[in-house]
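Some notes on the structure that comes next.
Numbers restart at 1 for each chain; the letters A, B, ... are given by sequence-line order, proteins then strands.
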Amino acid sequence: MAGSQIPGFSGHGGDPASALYRTRTRRSAGAQAIKGLLAAAAVRGGGGAAALLSVLTTTGIVITLASEAVNFFQVVGLADFFFDTDWAPLAGGDSQAFGVVPLIWSTLYLTGIGLIVAVPLGLGVGIYLAEYASPRVRRILKPLIEILAGIPTIVFGYFALTFFTPTVLKDIFSVDVSVFNGLSAGIILGILVLPTIASVSEDSLSAVPQSLREGAFGLGAAKRQVVTRVVFPAALSGVVAALVLGASRAVGETVVILVAAGNTPNLTFDLTVAHQNMAAFIANTARADVSQGGVAYLTIFAVGTTLFVMTLLLNLVAIRFVRKYRQVYE
Amino acid sequence: MAVTESAITRKIVERASSGERVRELGFRVALLGCLLVAIVFLGVLIVDVSVDGLPFLSLEFFYTFPSRIFPEESGIQSALLGTLALMVLCAVFVVPIGVASAVYLEEYADRDRWINRTIEVNIQNLASVPSVVYGILGLAFIVRGPVDIFGLGVGQPTLLAGALTLGLLVLPIVIIVSREAIRAVPPSIREGSLALGATQWQTIWKQVLPGALPGVATGVILALSRAIGETAPLILVGAGAFQLFNPSIDGPFSALPIQIFNNVGEPEDIFRDLAAATILVLLGILLIMNSLAIYLRNRYENKW
Amino acid sequence: MSERKREGEGLEQAAGLDMGTRLEERDERAGADAETVDEAIFSLSGVGVTYSGAQAVEDVSFGLATNEITAFIGPSGCGKSTLIRCLNRMNDLIPGAEVEGEVLYHDQDLYDPKIDPVQVRKRIGMVFQKPNPFPKSIYDNIAFGPKVLGVKDDMDETVERALRRASLWDEVKDRLKSNAFGMSGGQQQRLCIARALAVSPDVILMDEPCSALDPISTGRIEDLMLELKQSYSIVIVTHNMHQAARVSDRTAFFTVDLRAGESQRVGKLVEFAPTEQIFTSPRDRRTEEYVTGKFG
Ligand SMILES: Nc1ncnc2c1ncn2[C@@H]1O[C@H](COP(=O)(O)OP(=O)(O)OP(=O)(O)O)[C@@H](O)[C@H]1O
Ligand SMILES: [Mg+2]
C-alpha cells in the first residue's frame, strides 16, 4: 500500500529503489512492509541527494573561482594584486595594472557609508517593532519594511542615479557631486540593508524572555531603561549578527554601485567622485564581453574569489553570533 | 538617596521628573523617526518612479518590443516574457529539489552526523553569498563551462542557463523556508498518524506536507520574487537588452531588470523614463506575487 | 481614623456579609479593626481585573498591614498572580489587561491617572516565580536598580548592603564580577531579592518565589523573609500551605467561581484573616476544605 501510493516524488533515488522492489515483491507476505521500507529508503535517498546539491553548489563556486584564479595568478603576482594601488586591468599596454587595493577600498568605504546610515536606522526600526509597537501597529508596519526589503536593487540604483543624486544631493543639499558618486550610492546602499538589520535585530530582541523585562520593570526602571540597559544587551549577539549580515550584503551589492557610483575605483576619501566596488567591477567586466581565457576575463575570478572569501568570513561570524543568542534563550 | 531615605518618604509615590519624561519621549520619537525615514524613503521612491514611468505605461508597452532607435515606441515584450519564463523554469527546478531537501533535513537527517551539519551550515552560508558570485558560477560553469545540461546550448547565454543560475541562487531560501514550514507542523500530528500505523513516509506525504503546504508555497513565491528581481547574475550569464525576439529555452533571452539596467545606461532622458515604466511593471509583478503569498498565509494559516 | 474605617469596610466587603456580621458578633467594631491592620499599606476595594474583556478576578476588597507578611493562597487560576501584579501596576505591561476598583497605597490611589507606574514600582518591588537575574555580573545585577533610579552614592557600599540583607554576601563576595547565570537557582532567587532591596522599596511582592527551588534554598528564603519584615512589608503568593503557615502573619484565601459552566472562571476572595485562624479555625467551609487538603 505504501509503495503504490507514492507519486513521482522520489527525487534522484527513485529508480534504483523501485528496481530493487520489483525483485522482492513476489517473495512473501511481508512484501507490503518491504515495499514501504524501500519507498522510505528511496525518499530518504532522494531527499539526501537534493540536500547535497547545496553542497555541490558551494563546491562548484569554489572550484570555478579557484581554478581560474590560479590561472590569473600565473600571470599576475600575488603581491602585485594585493599591494599595488593601481587598478586598470582593461587598459592596454603599459598602463594595464592589477592592484586590487582601490577596489577593496571602495568596497569597504561604501559599505562603511552604508552602515553609518543603516545601523542607527535599522536598529531604531528593529527596536521600535520589537519593543514599542502594539501588535496592531506592527501588523501594519512590518509589511512596509518587508516591501522595502523586496524592492529589486536595480530600482534602488535607478532611484540613486535619477533622483537622489540630482534632486536630493545637488538641489536640496547643494552638495557638489558628479553624476556618478560614492555618496549617493553609499547612502542608498544603507537604505538597502536597513531591512536586513531591522528584521534580524527585531528577531533577536523578541527572543529575549519577557521575564527579564518584568524583572527590570519591577525595579522601577522606565521603558527606555529596560530596553537600552536590559533587553538590548541581552540581545547583543543577535544585534551583532544583524550588523554583520548587513555589512555582508553591502559588501556584495552590485547594481546600486554599478548604476550610481560609476566604473572607476578610487583610492580616496572623496565621496563626490566615482567609486567602484568589487561586485560592480565583476559585472562591468563581464558586460564588456572580454574574451574567455584572456587576463581581463581572469580578473573576474581573482576579484570574485576575494569577494567570496570576504563575505564568507562575514557570514561565518554572523552565524556564530546568531547561534549564540539562540543558545541562551531557547 | 535610595538606601538612606527614611521610612516616611518611602511611602510616597513621586511624580516622574520632567527630565526623565523628556528623555523617555525623546527616545520614542527617535525610534519613530527611524521608521519614518524608511517609510518616507519608500514613498518617495514609489512616487518618483510613478511620476516618471506612468506616462509610458499603455497596453502597447506590454506587447511592443524594446527599441534603442525609436524609444518613443519602445515596449518590453521580450523582457517581460523573459522574466515570466525565468520564473516558471526556476520554479520547476527549485520546488522539487528545495522541498525534498527540506523534508530530508527535517524528517530524516540525523543532526549529529557531520554530513548533515555540513549541509546545514552550508545552506546558511549560501543564502548570503553575493548574487554576483552566483553569476560567476553561471557564467563559468553553466554558460561556458563543462556542464551542458540536457544538451541545450553550451557556450550560449541561454534562458535555461539563466534560470538555472537564478535557481541555485534562491534554492537556499526555498530550503530554509520549507524547513520552517515543516517544523511548524506540530509533533502531535505526526505522532497521531504514526500511532495509527502509518509509515513515516505516509505520514510525511499525507499529513506533514499538506500541513506545511501554505508555508512552503509562501516561501517559494517569495524566493521567486527574489529571483526575478536579480540583475547581477543575469549580467554575468549574458542576458540581453533591447531584444527584438522572444526568448526560447535554448536561445538568448532578456529580462526586465536587464532592460531597466540598459535603459538607465542610455544617454537620452527618455530612456530613463522608459526604465521607470519598466520598473513599474516589475514592481507590479512583485506586488501580485507578494499579495498572493500574503493571501495564502492568511487563508491557510495553521488550523491546528 | 478615617483610614481605619476604610480598612474595616474593606474587610467586610472582602469576607462578604456573612463574615462581616459574624465578626461584629464576636468582637464589635474595634475588634474587627484590630484583626485587620494597624497601619495599612494597601487597601483594596472592589478590585477586579479583566484580560481583553474576560473577567479574571472580581470584587476583591481588603487591607494589608505594614511590616507584616501577607500570604495569598488558593487553587491554580484563582487570580493570585493577577492580583499581586495589581499592587505595583505590573498589569500595565500586559496588553488587554484592565483593572477596576480602587487600590490605595498609603492613601494614594495607585491607578490615579496622575500616578506614574514607573514610580510605583520603585516603591513596590517584585520577585518572580522563576529567578530572573539579568545576564550580567552579580554586581551589575544589584547595581542596576540604583543606577536606573539615578543614585550617585557609592555603589560598592549599596551592593554590599543589599547582598548582606539578602544573606548572600558571604557566598558571593569573592565573585561579584562573575555572571549571575553561574549561580544556583536558590542563590539566583536571593540575588533577585537583593536586587529588589537595593532600590530600598517599601513593599516587596513575591509571586511563588520558592516554587522553583529545593527545600534548603526555600528554607533560607523563608528565614530571609522573616528577617526582612522588620523593615519591609511583604506580600507572598504561595502554593505551599506550610510555607504560608510558617512565614505569614495574615492569609488571604482565593478561589475560582465557575460561571456559565466551565467557560468563565473568575477568581474571588473567600477569606482574609490572621494566618493562625485560617489554618486552625477558618470561617468558610471552602477555606477549611482547601487548607485541610480536601479541595484542589
Ligand atoms: N496574560 C494573560 N492574558 C489572559 N489571561 C490571563 C493572563 N494571565 C492570567 N490570565 C487568566 O487569569 C486567570 C488568573 O490567572 P493567574 O495567573 O492570576 O492565576 P494564579 O492564581 O496565579 O494561578 P497559579 O497558581 O497557577 O499561578 C486565569 O484564568 C488565567 O487564564
Ligand atoms: Mg500565579
For this session: Using modelled atom types only, decide if a donor and an acceptor are shared between the side chain of B:Glu24 and the backbone of A:Arg224 within a distance under 3.5 Å.
Result: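 Between the backbone of A:Arg224 and the side chain of B:Glu24 there is a qualifying donor-acceptor contact (under 3.5 Å).
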Exercise. Regarding B:Asp48 and A:Tyr158, is there a side-chain donor-to-acceptor distance under 3.5 Å anywhere?
Worked result: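 Not at all, the side chains of B:Asp48 and A:Tyr158 share no donor-acceptor pair under 3.5 Å.
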For this session: Below 4.5 Å from any heavy atom of chain A, which atoms of B:Leu282 appear? Answer side chain, backbone, both or neither.
Result: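 For B:Leu282, the side chain is the part near chain A, not the backbone.
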For this session: Can you tell which part of B:Val37 gets under 4.5 Å to a heavy atom of chain A, answering side chain, backbone, both or neither?
Result: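 Just the side chain, heavy atoms under 4.5 Å.
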Problem set entry | chain A contacts, top residue of B:Asn125, B:Val237, B:Ile235, B:Leu283 (heavy-atom pairs, under 4.5 Å) |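 Of the candidates given, the most pairs with chain A belong to B:Asn125.
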Problem set entry | Option in B:Ala109, B:Ala127, B:Ser128, B:Ala232 with maximal non-hydrogen atom pairs under 4.5 Å from chain A |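 Most heavy-atom pairs under 4.5 Å with chain A: B:Ser128.
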For this session: Could you check which of A:Ile147, A:Leu129, A:Leu123, A:Thr64 has the highest count of heavy-atom pairs closer than 4.5 Å to chain B?
Result: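 Of the candidates given, the most pairs with chain B belong to A:Thr64.
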Exercise. Most heavy-atom pairs under 4.5 angstrom with chain B, which of A:Leu194, A:Thr167, A:Thr153, A:Leu307?
Worked result: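 When all of A:Leu194, A:Thr167, A:Thr153, A:Leu307 are compared, A:Leu307 has the most.
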For this session: Classify the ring geometry between B:Phe41 and A:Phe159 as parallel (under 30°), tilted (30 to 60°) or perpendicular (over 60°).
Result: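 Perpendicular.
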What pairs of donor and acceptor atoms, side-chain ones from residues 94-108 of chain B against any protein atom, are under 3.5 angstrom apart with sequence neighbours left out?
| from | atom 1 | to | atom 2 | distance (Å) |
| --- | --- | --- | --- | --- |
| B:Ser101 | OG | A:Ala50 | O | 3.2 |
| B:Ser101 | OG | A:Ala51 | N | 3.2 |
| B:Ser101 | OG | B:Ile97 | O | 2.7 |
| B:Tyr104 | OH | B:Asn116 | OD1 | 3.1 |
| B:Glu106 | OE1 | B:Arg183 | NE | 3.4 |
| B:Glu106 | OE2 | B:Arg179 | NE | 3.0 |
| B:Glu106 | OE2 | B:Arg179 | NH2 | 3.1 |
| B:Glu106 | OE2 | B:Arg183 | NE | 3.3 |
| B:Glu106 | OE2 | B:Arg183 | NH2 | 3.2 |
| B:Glu107 | OE1 | B:Arg190 | NE | 3.3 |
| B:Glu107 | OE2 | B:Arg190 | NE | 3.0 |
| B:Glu107 | OE2 | B:Arg190 | NH2 | 2.9 |

Exercise. What residue pairs, at least two apart or across chains, pass side chain to side chain donor-acceptor pair (under 3.5 Å) with a residue in residues 269-283 of chain B?
Worked result: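 Side chain to side chain donor-acceptor pair (under 3.5 Å) check on residues 269-283 of chain B returns no pairs.
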Problem set entry | Part of A:Leu121 within contact of chain B (heavy atom distance under 4.5 Å) |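 Contact with chain B involves both backbone and side-chain atoms of A:Leu121.
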